[in-house]
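Taking it in order: structure first as structure tokens, then the write-up.
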Amino acid sequence: MDRNPSPPTPSREDEDTEVAGGDCIGSTVYSKHWLFGVLSGLIQIVTPENTKSNSDDEEQVMELDEEMENEICKVWDMSMDQDVALFLQEFNAPDIFMGVLAKSKCPRLREICVGILGNMACFQEICVSLSNDKNLGQVLLHCLYDSDPPTLLETSRLLLTCLSQTEVASVWVERTREYPAIYDSICFIMSSSTNVDLLVKVGEVVDKLFDLDEKLMLEWIRNGAAPPLDQPKEDSEEQPVFKIVPCVLEAAKQVRSENPEGLDVYMHILQLLTTVDDGIQAIVQCPDTWKDTWNLLFDLVCHEFCQSDDPPIILQEQKTVLASVFSVLSAMYASQAEQEYLKVEKVDLPLIDSLIRVLENVEHCQKKPENSTESNTEETQKSDLTQEDFHLKILKDISCEFLSNILQALTKETVAQGLKEGQLSKQKCSCAFQNLLPFYNPVVEDFIKILHEVDKAFADDLEESFPSLKVQT
């Protein structure tokens with residue numbers, strides 16, 4: 001089915017009868033009696049009499065009866081209503097769904113049950129109750145080992161919902177740590193799935209886990225460092241050792257063209273990895289991983305994001321992903337793990353060009369309209385602008401730090417080439433200086449000295465616009 005059918009609408013006669021008999025759920029027109037019937041049908045599906053089968057039958061995938069699928073899908077839609085969700089909670093429906101997940105081999109039924117729980121978890125009181133149920137938590141995390149993409153998607157959605165609830169987030173982090181196989185399952189999805197929706201949701205889960213708990217992130221970084229010591233050699237080829245960085249890169253490549261928000265998520269995961277030394281080492285120690293990471297990110301900033309023919313305002317859409325990409329590139333550049341590769345590829349000038357263009361666009365986006373019309377939503381607008389300015393400031397700070405690192409590494413030959421090709425024009429150098437000064441004053445001074453050696457007239461002309469530099473040089 002392409003979508004879940006709409007909840008049942010009772011006839012006028014049924015509605016009158018139900019209202020008179022108190023059959024409605026909360027303030028809705030949904031029938032308690034009808035819902036009891038659907039849940040009773042679910043119980044029948046997983047009763048011992050119906051689950052007994054021989055070993056051959058157990059291997060078969062059970063198909064869901066069309067009528068039952070329609071009915072339970074209606075419950076799925078209805079569960080987005082808080083009154084219905086609370087009623088399901090009071091009726092112990094989560095226990096019924098847990099029984100289905102523990103016993104049923106029907107992918108569609110498992111997907112729907114997890115989906116209903118995901119809708120219920122959107123309400124804080126229910127989310128806390130579900131999270132505190134250890135047995136349910138164990139069953140749900142085991143759903144991450146499922147091979148059915150729709151079930152994995154709904155499981156990831158449910159897990160992300162719970163991780164986003166401050167009151168219970170730590171519970172799910174600890175549970176995730178208790179099941180090391182979750183790492184392998186998630187890495188397998190990221191490295192092999194072509195389902196973009198699933199990849200995005202799994203990425204959001206990983207991003208949230210890493211953001212919440214650095215210890216867990218470190219464990220996942222180290223998981224792929226070496227195969228288990230007790231693993232027999234003959235089994236090493238059968239059991240792949242997943243490394244977090246290549247898996248994240250593969251997922252990023254998969255979502256790149258189809259889901260910009262998903263790419264943003266995976267770039268932020270990489271940025272989080274670079275906040276710890278082990279994460280940086282996981283990127284730079286292996287030459288192949290280093291090159292794969294660098295090539296992807298370099299291509300994004302030099303050939304896709306914030307291009308010369310893009311309107312400056314497009315930076316508002318790209319500011320967070322650009323901040324993550326530049327942050328990772330800066331960490332890799334500073335590590336100097338592959339200096340020879342960088343020299344051969346001649347990356348300095350293209351990066352300078354991209355960074356200065358971003359800084360120019362940041363300045364354009366930060367300009368406030370001189371005569372802005374007031375409205376009754378002025379406070380909301382101020383809040384939105386403050387949030388936008390915050391992200392733009394982060395992008396500017398990261399860009400300036402990266403640009404300063406590159407300028408410090410420039411040779412006279414590269415500077416001469418940049419002057420000739422236009423990456424170091426007066427306009428671009430002025431933009432760089434305006435953003436770098438005064439915090440990176442020594443870097444700018446050293447760069448001016450090189451400019452004097454390469455083109456004294458150009459350097460003198462620049463200094464006229466920045467008197468403080470002229471005095472010190």
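One is the number of the first residue; the rest follow in order along the sequence.
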Scanning both residues in full, the closest heavy-atom pair of Gly137 with Trp172 reads CA-CH2, 3.8 Å
Nearest heavy-atom approach of Thr176 to Leu141 is N-CD1, 4.2 Å
Under a 3.5 Å distance rule, please check whether Asp299 uses its side chain to pair with a backbone N or O of Asn295 as donor and acceptor. no
Tested for side chain to side chain contact (heavy atoms under 4.5 Å, CB included) against Cys106, the lone hit among Leu64, Asp65, Val100 is Leu64
Checklist entry - Is it true that Lys393 and Asp389 have a side-chain N and a carboxylate O under 4.0 angstrom from each other? => result no
Query raised in the report: Is there side-chain contact between Glu261 and Val265, with heavy atoms separated by less than 4.5 Å?
Result: no
Flag side-chain contact, heavy atom, 4.5 Å: Leu273 against Ile280 = no
_Checking Ser129 against Gln89 for the side chain to side chain donor-acceptor pair (under 3.5 Å) test, could you report, in this order, the C-alpha distance in whole Å, the side-chain angles of both residues, the deciding distance, and whether it holds?_
CA-CA 9 Å; Ser129 177; Gln89 176 75 5; 2.5 Å; yes
Here the pair of heavy atoms bringing Val255 nearest to Gly262 is CG2-C, 3.8 Å
Looking only at heavy atoms, the pair that brings Leu329 and Phe298 closest together is CD2-N, 4.2 Å
Hits for salt bridge (Lys or Arg N to Asp or Glu O under 4.0 Å) against Asp133, two or more places apart or cross-chain, chain-then-number order -> none
Do Val358 and Leu315 have side chains that approach each other closer than 4.5 Å (heavy atoms only, starting at C-beta)? yes
Taken in chain and number order and not counting sequence neighbours, the residues that satisfy ring-ring contact (aromatic ring centres under 6.0 Å, His included) with Phe123 are none
For Ser335 and Met332, indicate whether the former's side chain and the latter's backbone hold a donor-acceptor pair under 3.5 Å.
yes
Sorted by chain and residue number, the ring-ring contact (aromatic ring centres under 6.0 Å, His included) partners of Phe97 (sequence neighbours excluded) come out as none
With side chains defined as the heavy atoms from C-beta onward, is the minimum distance between Arg108 and Glu69 less than 4.5 Å? yes
- prompt: Do Thr151 and Glu111 meet the criterion of a side-chain donor-acceptor pair at a distance under 3.5 Å?
  reply: no
Value for CD1 (Ile186) from OG (Ser156), rounded to nearest 0.5 Å, stands at 7.0 Å
d(Thr293 OG1, Leu249 CG) to nearest 0.5 Å is 4.0 Å
The salt bridge (Lys or Arg N to Asp or Glu O under 4.0 Å) partners of Glu214 (sequence neighbours excluded) come to none
Main-chain N/O of Gln307 paired with Asp310 side-chain donor or acceptor, under 3.5 Å:
yes
For the side chain of Ser191 and the backbone of Phe188, is there at least one donor-acceptor N/O pair under 3.5 Å apart? yes
- Task: Decide if atom CD of Glu125 counts as having more than 12 heavy atoms of other residues, nucleotides or ligands within a radius under 6.0 Å.
- Result: no
Is it the case that the side chains of Trp290 and Gln285 hold a donor-acceptor pair, with the cut-off being a distance below 3.5 Å and no angle test?
no
Taken to the nearest 0.5 Å, the spacing of Leu136 CG from Asp95 CG works out to 8.0 Å
**Student check: side-chain heavy atoms of Trp34 and Glu71 closer than 4.5 Å** = yes
| task | Step through it carefully: locate the ring centre of Phe87, locate the ring centre of Tyr30, and say whether they are under 6.0 Å apart. | result | no
Leu272 backbone acceptor or donor facing Thr275 side chain under 3.5 Å: yes
- Contact check, side chains of Ser131 and Gln165, non-hydrogen atoms, under 4.5 Å: no
Sorted by chain and number, sequence neighbours left out, ring-ring contact (aromatic ring centres under 6.0 Å, His included) with Phe402 holds for Tyr333
* Asked: If we only count heavy atoms from C-beta on, is the Lys208 to Ser164 side-chain gap below 4.5 Å?
  -> yes
Salt-bridge contact Asp197-Lys201 (side-chain N to carboxylate O under 4.0 Å): no
Inspect the contact between Asp146 and Arg110 and indicate whether a charged nitrogen and a carboxylate oxygen are less than 4.0 angstrom apart. yes
For Val328 and Leu270, the nearest pair of non-hydrogen atoms, with its separation, is CG2-C, 3.7 Å
query: Has the side chain of Asn119 got a donor or acceptor atom that lies under 3.5 Å from a matching backbone atom of Trp76?
result: yes
Heavy-atom closest pair (Asn405 atom, Ala334 atom, distance to 0.1 Å) is ND2-CB, 4.5 Å
Note, Asn361 side chain near Cys306 side chain (heavy atom, < 4.5 Å): yes
Arg177/Glu174 ion pair, N-O < 4.0 Å: yes
By ring-ring contact (aromatic ring centres under 6.0 Å, His included), His142 pairs with (sequence neighbours left out) Tyr145, Tyr179
- request: Give a yes or no answer on whether the side chain of Ser404 reaches the backbone of Glu401 with a donor-acceptor pair at less than 3.5 Å.
  value: yes
| said: Run the salt bridge (charged side-chain N to carboxylate O under 4.0 Å, His left out) test on Glu154 and Arg157 for me, step by step, so that the C-alpha distance in whole Å, both residues' side-chain angles and the decisive distance to 0.1 Å come before the verdict. | reply: CA-CA 5 Å; Glu154 292 305 319; Arg157 184 174 73 90; 3.0 Å; yes
- Task: Could you give me the CA-CA distance, side-chain angles and deciding distance for Leu88 and Leu39, then say whether side chain to side chain contact (heavy atoms under 4.5 Å, CB included) is met?
- Result: CA-CA 9 Å; Leu88 287 168; Leu39 294 177; 4.0 Å; yes
May I ask you to decide if Gln316's main-chain N or O and Lys319's side chain share a donor-acceptor pair within less than 3.5 Å? yes
So, Thr161 side chain and Cys122 main chain: donor-acceptor pair closer than 3.5 Å or not? no
Is it true that Glu304 and Arg256 have a side-chain N and a carboxylate O under 4.0 angstrom from each other? yes
For the backbone of Ile221 and the side chain of Tyr183, can you confirm whether one donor and one acceptor N or O come within less than 3.5 Å of each other?
no
